[in-house]
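From a predicted model like this one, the values you see are computed outputs, not experimental measurements. Throughout, protein chains are lettered first and strands after them, A, B, ... in sequence-line order, and every chain is numbered starting at 1.
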Protein chains: 4
Amino acid sequence: MARTRAAEIAREVTGRELLGAALEVFVEKGYHATTISDIVRAAGVTQGTFYLYFKNKADIFSALLEEYRTLIISGLFDVDVASVKTRDDWLRLSDRIAGFLLDHIKTHGEFMRLFIAETTTIGSCFVDEANAFSSGIMREICRLIEHGICLNLLRDIDVEAVALSAFGALKEVVRQSCFDEGTASAEALIPRVIRSQAELLLK
Amino acid sequence: MARTRAAEIAREVTGRELLGAALEVFVEKGYHATTISDIVRAAGVTQGTFYLYFKNKADIFSALLEEYRTLIISGLFDVDVASVKTRDDWLRLSDRIAGFLLDHIKTHGEFMRLFIAETTTIGSCFVDEANAFSSGIMREICRLIEHGICLNLLRDIDVEAVALSAFGALKEVVRQSCFDEGTASAEALIPRVIRSQAELLLK
Amino acid sequence: MARTRAAEIAREVTGRELLGAALEVFVEKGYHATTISDIVRAAGVTQGTFYLYFKNKADIFSALLEEYRTLIISGLFDVDVASVKTRDDWLRLSDRIAGFLLDHIKTHGEFMRLFIAETTTIGSCFVDEANAFSSGIMREICRLIEHGICLNLLRDIDVEAVALSAFGALKEVVRQSCFDEGTASAEALIPRVIRSQAELLLK
Amino acid sequence: MARTRAAEIAREVTGRELLGAALEVFVEKGYHATTISDIVRAAGVTQGTFYLYFKNKADIFSALLEEYRTLIISGLFDVDVASVKTRDDWLRLSDRIAGFLLDHIKTHGEFMRLFIAETTTIGSCFVDEANAFSSGIMREICRLIEHGICLNLLRDIDVEAVALSAFGALKEVVRQSCFDEGTASAEALIPRVIRSQAELLLK
DNA sequence: TATGAATGAGACTTCATTCAT
DNA sequence: GATGAATGAAGTCTCATTCAT
C-alpha cells in the first residue's frame, strides 16, 4: 500500500536525520556533553520524536558505532593479503594500508575521533563495540605478519608482541592525526610510521 | 599554637582522604559518572567539606593528574641512558624499562588506568595535561633511540616515526594490562613487546 | 492543528500563572527572600516548568517590571495637558492626577509596592528599569509646570528643583499609601498632598 | 585589673573592626549579597569570631543602623528653630539645613545610600529602624513649619500634607545624590530644592 | 577570646523521559 | 507518527552556624 510505503519512508527519513544530527553534535561536543535536546534541535524534530526511534542517548550512539564498524571493516577486507609474494609486494602493501587509513581519516576523521575518544573511557557502555573493533584489526595484522613469515620475508619475531606493537603504533598515529592541532604533520607521519614498521620487520 | 597545629593536620588528612576517595571512585565509575556526592561519601565527609578543598570535580581530577605526572616522571628520570654502550646494554635497558613499567602498573595501576582512559575524551578539559605527559615520554624515547644510533647499534631508521610507533606500542600494551580482564597475560606481554621492539631496532 | 492550538493555550496559561504567582510572592516576601521554589509552589507547577518560561528569578522579575511600566505609562499619557487654561483647570488637573494615582494604587498597588521597594536596593540589577521609570514621570511633571508658566499661572520658580520636589512628594505619599499599616489615612493624604503642591505653585 | 582591662579593649577593638569591615562590604555589595564570610575576611578575623560579637548578619546591620541614627539625629538637633524670627531667618535656616545635608552626604554618603536602599525593601527586617528615622525627621519638619505659621511668615497651608511633601522632596534629592552617577549635578540641586520649597511656603 | 574545619540544609539548575493531544 | 508542555529526580554549589581545640 502506498500509505504504508510513505510511512516507511518517512520513518526512514526521520531516523536518518536523527542519526546525522546526533553524529554532528557528538563530534562537536563529545558524548557526555551532548543532550537529547541538542540532538533533536539539530535534527529539527521534537523531544518526543526522539523516543520513537531510540531508547536513549546510548542507544543512538551505539547505532552510530555499529554503522561505523561496518564501514571500516568492509574497507579492511578489501586488502588482499594473498597477492603478496615478494619484499616489494610487502612494502607496497604497507603503503596501500597507509593510503587507506589516510583516506579514511580524511573522509571519516570526525567519526574516528569520536569513536576513539568515547570508547576508551572508564565506565563506557561501549566496551563491547570497542573490543570487537580492536580484535578485528589485530586479527588482520596477525594474518599479515604470519603470511610474511610463511613467505620467509620477515625476521624471526614474537608475532603476538609485534602485532600488538603495530596495532598500538597505528592507533597512536591515528589518534594524533585526529586530535592534535597540527594535523598536517601528524597525517604526514602515517605513511612513514607504517612504512618504517614494515621495513623493521623485513629480513 | 597547638590548635593551629591540629587544624593543619586535620586539613592535610581530609585533603588526602578526598583525593584517595576520588581516585577510587573515578577509577571505578569513570570521570563522568562519578558525582561529588560519590566522592564525599567515599571519603566520609559531607558535601560542604568538599568545597573547602576543591573548586569542583574538574579541580580534584586535575590535582590527581598532577600528582600522577610528578610520580611517573620522577620514575622515568631514573633511567640512565649514558651507561648504555653495547648491544647487551641496550637489551638490558629495554628490560629495565619493562620492569619499571610493570612495577609501576602494580603499584599505581589505578592512576595509570584513570589517566589513559579519561584524558582522550572529546571535550576533556585535560588535554593539556595529556599532551604534557605524552610529549615527556616521547622525548625520552627519542633520546634513547638517538643515543643508540650514535653508538652505531641501531639500524638506519626514521627516528620520529619509530619513536611514535614505540610510544604507541607502549601505550597499547599498558592499556591492555590495565583494562582487560585477563590482565595476567597482558602483563606478561609487556616485556615481550618492549624486548621485541628493541631487537627490531638493533642491527 | 488542534494540538498546536492546545499547546499554545497551555503555554500562555502557565506563563500567566507563573507571573501572577511571582508577583504575589514577591510582594509578600520581597525579591531576595522569595525562591523559585516559592513561585512554582504558588503557581502549582514544578521546578522544571519554571525554567521553560524564565531564565531565573531576575528574569521573571524583569518581566513583571516591564509589564508594569507599560501599564502605568499608558495611564499617564491619558492626562491631557493642553486643555489646561485657567487657574481652576490647573487645580482640576491636579485633582485628576490624584484620582488616577488613587485608582492605580487600588488596582495595581502590589505592582507599585514591589516596584518602589525593590528597585532601590544596592546591587539591584534593575537600576535601569528604575531610572527609565523615574525619568519618564519627571518628564511629565516638567511638561506640566512649564505649561503652567507659559500660561502665567504659576509663580516664578526654579522648574527643575520644583519638579524634583514634586516627584519626591508623589513618591513618598505613594510609598506610604502602599506600605504603611494605616493605609486608609495615607491614601487620604494623596489628594491633599497633590492639591497643596499645586496651590503653592499658583500665583 | 589590667588583664580584664586589656581584654575589654581587645573586645572593643575586634568589635569595631567587624563593624567597620561590615559597613565597607555592605556598601560595596549591598545587604543581601554580602556574606558573613565577606565580613570576617575584610575584618581579618575568622568565622567563629564573628559569632562572639553578633548573632547574625541582621544583627550587625542593625548595629550599624543604630550608630547611624544617633549620628544624624544629633546633627539635626543642632538646628535651632527658636532663633528664626524674620523672613530672612527662614531662608537662612533653609540654607543651613541644606548645608548640613550636603556635608552629611559628603562624609557619610555611603552609609546614607546603604540605609535608604536596604530599609525600603519588602520583607526588610529593618522596618522599625526605618520608621523611627522617618518619623524623627517628619517631626522636625512639622515643628519648623508650625513655627513659621505662628510667626505669620507662611501661607495658609495643609501642614501635614506640606510636611510630607517636603520630606519626600528631601528624600528624593538625597537619593539622587547618593545613587546617581552624575552625583555632582544632583548635589548641586540640594540647596536649590530646599530653597525653592522654603520660598514657596513664604507669604 | 580566637580559630577554622566541618556541617547540612536548601537554593539553583539541568535533563531524560512521559503523555495527553 | 509527531508534538512539546510538564515532570521530578538528581546533581552542583553556597553559606550560616557550630564546636572541639
Side-chain angles (χ1 to χ4, degrees), chain A residues 3 6-8 10-11 13-15 33-40 44-59, chain B residues 1-15 32-38 40 44-58, chain C residues 1-15 32-40 44-57, chain D residues 6-8 10-11 13-15 34-40 44-59:
Chain A
R3 235 309 202 21
E8 255 171 44
R11 184 168 177 86
V13 167
T14 310
T34 96
T35 65
I36 306 286
S37 165
D38 291 329
I39 296 172
V40 297
V45 298
T46 54
Q47 302 274 84
T49 304
F50 178 90
Y51 291 91
L52 295 175
Y53 291 86
F54 301 98
K55 274 215 321 282
N56 48 36
K57 191 165 68 162
D59 191 31
Chain B
M1 294 129 209
R3 63 208 99 188
T4 304
R5 202 61 207 283
E8 255 172 43
I9 291 168
R11 190 168 175 82
E12 178 70 18
V13 166
T14 309
H32 287 98
T34 98
T35 66
I36 307 284
S37 185
D38 292 330
V40 298
V45 296
T46 55
Q47 293 268 29
T49 302
F50 178 89
Y51 292 92
L52 293 177
Y53 292 85
F54 302 98
K55 276 215 315 285
N56 46 38
K57 195 165 68 161
Chain C
M1 291 122 209
R3 63 207 100 191
T4 304
R5 201 62 206 284
E8 255 172 45
I9 290 168
R11 192 170 173 80
E12 177 70 20
V13 166
T14 308
H32 287 99
T34 98
T35 66
I36 308 285
S37 183
D38 292 330
I39 296 173
V40 297
V45 298
T46 55
Q47 294 269 33
T49 302
F50 178 89
Y51 292 93
L52 293 176
Y53 293 85
F54 301 98
K55 276 216 315 286
N56 48 36
K57 195 168 63 164
Chain D
E8 257 171 41
R11 186 170 175 84
V13 167
T14 309
T34 98
T35 65
I36 306 285
S37 165
D38 291 330
I39 296 172
V40 298
V45 298
T46 53
Q47 302 273 84
T49 303
F50 178 89
Y51 291 91
L52 295 175
Y53 292 85
F54 301 98
K55 277 213 320 283
N56 48 37
K57 194 165 67 160
D59 191 30

For nucleotides 8-11 of chain E, print each protein N/O atom paired with a nucleotide N/O atom at under 3.5 Å, atom names and distance only.
none

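- Residues satisfying the side-chain contact (heavy atoms from CB on, under 4.5 Å) test with B/Ala58, not counting sequence neighbours, are B/Tyr31, B/Asn56, B/Phe126.
- Within the model, atoms CZ of C/Arg11 and OH of C/Tyr53 stand 5.0 Å from one another, a figure rounded to the nearest 0.5 Å.
- Between the CZ atom of A/Phe50 and the C1' atom of F/dA2 there is a distance of 15 Å, rounded to whole Å.
- Evaluation of the side-chain contact (heavy atoms from CB on, under 4.5 Å) rule for C/Ala33 yields C/Lys29 as partners, not counting sequence neighbours.
- Following rounding to the nearest Å, C/Asp38 (CG) and E/dC12 (P) show an atom-to-atom distance of 8 Å.
- Listed by chain and residue number, C/Phe50 satisfy the ring pair (Phe, Tyr, Trp, His ring centres under 6.0 Å) test with C/Phe54 (two or more places apart in sequence, or in another chain).
- Within the 4.0 angstrom heavy-atom criterion, only backbone atoms of the sugar-phosphate kind lie near C/Tyr53; the bases stay farther away.
- Distance C/His32 NE2 to F/dC15 C1': 15 Å, rounded to the nearest Å.
- The residue among C/Lys55 and B/Thr14 whose nearest nucleotide of DNA chain E is located toward the 5' end is B/Thr14.
- Separating the CD1 atom of C/Ile9 from the P atom of E/dA20 is a distance of 18 Å, rounded to the nearest angstrom.
- When all heavy atoms are compared, the tightest approach of B/Gln47 to B/Ser37 is NE2-CB, 3.9 Å.
- Rounded to an integer number of Å, the gap from CZ of A/Phe54 to P of E/dT17 is 14 Å.
- Of the candidates E/dT13, F/dA2, E/dA5, E/dT13 carries the atom nearest the C/Asn56 side chain, counting heavy atoms from C-beta on.
- Summary of the strand contacts: C/Ala10 and B/Lys57 both lie near DNA chain F, and taking for each the nucleotide with the nearest heavy atom, the more 5' one is attributed to C/Ala10.
- Spacing between atom CZ of C/Arg5 and atom P of F/dG4 amounts to 15 Å, rounded to whole angstrom units.
- Atom CD1 in A/Ile39 sits about 12 Å away from atom C1' in E/dC15, given to the nearest Å.
- For B/Arg11 and E/dG4, the shortest distance from a side-chain N or O to OP1 or OP2 is not below 4.0 Å.
- The side chain of C/Ala6 lies closest to E/dT21, out of F/dA6, E/dT21, E/dA6.
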Convert the base pairs of DNA chain F into dot-bracket notation, remembering that pairs crossing earlier ones are written with [ ] and that bases paired across to another strand are shown as |; include only Watson-Crick or G-U pairs under 3.5 Å. .||||||||||||||||||||

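- Side-chain atoms of A/Tyr51 lie closest to E/dT17 of the nucleotides E/dT17, E/dA5, F/dT18.
- In this view, A/Thr46 and A/Thr49 satisfy the side-chain contact (heavy atoms from CB on, under 4.5 Å) rule, not counting sequence neighbours.
- Rounded to a whole Å, the CG atom of D/Leu52 is 12 Å from the C1' atom of F/dC19.
- Nearest heavy atom pair, residue D/Lys57 against residue D/Ile36, reads N-CD1, 3.9 Å.
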